[in-house]
K.L.:
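Shown below is the structure under consideration.
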Amino acid sequence: MWKAGLILGSACIGIVGCIPFLCKFFTGDPSVAFEVRSVLPYLATFFAAHGLMCSSEGLLLAQRDLGFLGQAYGAAFFVVPWFMLRVKKAALSGIETINLTSVW
C-alpha cells in the first residue's frame, strides 16, 4: 500500500511541476502567473503527502476503522471552512498581506 501511495504522490508532484508551463494557457497577466508559481512549493508538499494519506485511508477502510474516519471527516467539515472564512474576512477587511499563499 505504501508503494502505491508513493507512486501516486510522485505522479501528483509531477503534475504540479507542469503548472508553470501551463500558466500561459490560462492567463497572460505576469502577476497572476507569479502568484500561481508562489504557491507551488505548498502544492508539491500537500500532494506529496496526499498519496500516502490516500493509502493510509485505504488501510483504515480495510480494517473497518470507520469511527476514526468519521470523526476525522466530521472535524475537517468544520475546521477547514472556519480557517478559510478567517482568511476571507481578513482579505475583505483590507489587510494587504493576504494573498494566495495565505490560503495554503
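Being a predicted model, the structure only gives us computed values, none of them experimental. In this chain, numbering begins with 1 at the start of the sequence shown.
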K.L.:
Kindly list each side-chain donor-acceptor pair under 3.5 angstrom involving residues 66-90, sequence neighbours excluded, with atom names and distances?
P.N.:
unit_1, atom_1, unit_2, atom_2, d
Y73, OH, E57, OE1, 3.3
Y73, OH, E57, OE2, 2.3

K.L.:
Do Y42 and F47 sit in the same hydrophobic cluster, where Ile, Leu, Val, Met, Phe, Trp and Tyr count as joined when their side-chain heavy atoms come under 4.5 Å apart?
P.N.:
yes

K.L.:
Which donor-acceptor pairs under 3.5 Å do side chains of residues 9-28 form with protein atoms, sequence neighbours excluded?
P.N.:
unit_1, atom_1, unit_2, atom_2, d
S10, OG, L6, O, 2.8
T27, OG1, D29, N, 3.1

K.L.:
Nearest 0.5 Å please: distance from the OG atom of S55 over to the CG atom of L60.
P.N.:
10.0 Å

K.L.:
If hydrophobic residues (ILVMFWY) are linked whenever their side-chain heavy atoms come closer than 4.5 Å, directly or via other members, who joins F34 in its cluster?
P.N.:
none

K.L.:
If hydrophobic clusters are built by linking Ile, Leu, Val, Met, Phe, Trp and Tyr wherever their side-chain heavy atoms come under 4.5 Å apart, do L40 and F46 end up in the same one?
P.N.:
yes

